[in-house]
Amino acid sequence: MKEAATVESAGSPPAAPFDYVAETYDQTFTFTLIGWAQRQAVWRELDRIFQPGQRILELNCGTGVDALHLGGRGVEVLACDVAPRMIEVARRRLSARSTRARVEFRVLATEQMRALRNERPFDGAFSNFAGLNCVADLESVARDLAPLLRPGATALLCLAGRFVAWEIAWYLARGNPAKALRRFRRGAVRGRLADGVSVPVYYHGVRKVARLFSPGFRLRRWKGVGLLVPPSYLERQAGKFPRLFRLLAGADRLLAGVPGLRALADHLLLEFERA
Ligand SMILES: C[S@@+](CC[C@H](N)C(=O)[O-])C[C@H]1O[C@@H](n2cnc3c(N)ncnc32)[C@H](O)[C@@H]1O
């Protein structure tokens with residue numbers, strides 16, 4: 001973990017559910033053992049795919065950690081999120097940088113992506129850690145995204161998985177089958193963010209996402225993120241066994257791409273090609 005989280009009071013009133021957790025998001029996820037290990041797994045693919053000089057559209061960018069990682073590598077990024085306070089944290093992070101990354105943060109819902117139709121075509125798109133699971137109509141997302149990208153561009157999308165081995169085992173062992181199997185439900189599941197604040201979350205399998213993204217996109221390859229590394233709500237347990245945790249994170253590098261195993265991960269990292 002490289003940076004300390006910044007915590008200051010934000011200026012705008014909360015307008016979106018994630019606004020309520022914007023100031024604590026980095027402490028409770030980004031810079032935790034589990035959050036950081038899962039993000040590193042995504043960055044390995046991100047860095048393989050997107051190259052300096054390219055211009056990328058990031059959806060649901062949150063506090064801007066990935067956009068600034070890309071910006072630090074010389075990738076230009078337009079990073080959008082529906083939550084104004086997430087964008088405020090992201091802009092603070094950008095202005096705290098000594099070197100100027102070519103990164104712009106904008107408040108924009110994924111459902112409003114068509115507002116970008118006059119931008120020059122992007123070389124790729126990226127969405128990390130389940131922002132797309134908060135969108136009810138993924139097919140429309142694919143339809144709106146395709147014309148914004150040049151043909152052959154990559155869209156790297158990280159969604160929450162549906163058949164998560166850790167989650168099923170953990171909650172079944174605690175006698176809570178409803179929670180163990182919540183991601184199998186059809187339609188929205190309420191995801192709790194804070195007291196009295198929740199978001200609808202939609203879980204999909206890989207085949208369904210690939211179908212919703214065709215014909216504009218072709219699924220090139222995919223892998224799991226967080227197969228042996230558990231979901232982030234097990235951070236306290238992970239912290240008790242740091243050596244074991246490092247072993248699991250290392251094993252994930254080998255196993256999370258293996259057919260048959262990859263679908264059991266906390267997140268699914270899908271690499272699409274714009275047709
Ligand atoms: C779990 S956070 C992930 C944030 C960031 N991508 C990361 O890797 O840390 C989910 C993000 O999706 C954003 N989000 C949820 N629904 C959205 C929508 N309809 N349009 C744009 N952003 C959305 C939230 O505001 C939040 O910042």
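Values reported hereafter were calculated over all heavy atoms of this structure, with side chains retained and with hydrogens, waters and symmetry mates removed. Read the numbers this way: they start at 1 and go in the same order the structure lists the ligands and their atoms.
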_For Ser232, give me all partners under side chain to side chain donor-acceptor pair (under 3.5 Å), at least two apart in sequence or on another chain._
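Per chain and number, Ser232 pairs via side chain to side chain donor-acceptor pair (under 3.5 Å) with no residue.
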
*Can you tell me which residue pairs pass the ring pair (Phe, Tyr, Trp, His ring centres under 6.0 Å) test with a partner in residues 247-275, sequence neighbours excluded?*
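For residues 247-275, and leaving out neighbouring residues, the ring pair (Phe, Tyr, Trp, His ring centres under 6.0 Å) pairs sorted by first residue read Phe129-His267, Phe213-Phe272.
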
*Could you check whether the rings of His69 and Trp43 sit parallel, tilted or perpendicular, using 30° and 60° as the cut-offs?*
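Ring orientation, 0 to 90° scale: parallel.
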
Give every pair made of an N or O atom of ligand 1 and a protein N or O atom lying under 3.5 Å apart, one pair per line with both atom names and the distance to 0.1 Å, or write 'none'.
| unit_1 | atom_1 | unit_2 | atom_2 | d |
| --- | --- | --- | --- | --- |
| ligand 1 | 6 (N) | Asn60 | O | 2.7 |
| ligand 1 | 6 (N) | Asn128 | O | 3.0 |
| ligand 1 | 8 (O) | Arg39 | NH1 | 3.0 |
| ligand 1 | 8 (O) | Arg39 | NH2 | 3.4 |
| ligand 1 | 8 (O) | Asp66 | OD2 | 3.4 |
| ligand 1 | 9 (O) | Tyr25 | OH | 2.7 |
| ligand 1 | 9 (O) | Arg39 | NH2 | 2.8 |
| ligand 1 | 19 (N) | Glu111 | OE1 | 2.8 |
| ligand 1 | 19 (N) | Glu111 | OE2 | 3.3 |
| ligand 1 | 20 (N) | Thr110 | N | 2.9 |
| ligand 1 | 20 (N) | Thr110 | OG1 | 3.2 |
| ligand 1 | 22 (N) | Val82 | N | 3.3 |
| ligand 1 | 25 (O) | Asp81 | OD1 | 2.6 |
| ligand 1 | 27 (O) | Asp81 | OD1 | 3.4 |
| ligand 1 | 27 (O) | Asp81 | OD2 | 2.6 |

*Interatomic distance, Trp170 atom CH2 to Asn176 atom CG [nearest 0.5 angstrom]*: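 Rounded to the nearest 0.5 Å, the CH2-CG separation comes out at 12.0 Å.
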
*Does the ring centre of Phe29 sit less than 6.0 Å away from the ring centre of Tyr25?*
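Yes - the distance between ring centres of Tyr25 and Phe29 falls below the 6.0 Å cut-off.
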
Contacts under 3.5 angstrom, residues 200-209 side chains, donor-acceptor by atom type, not counting sequence neighbours:
| unit_1 | atom_1 | unit_2 | atom_2 | d |
| --- | --- | --- | --- | --- |
| His204 | ND1 | Lys208 | NZ | 3.3 |

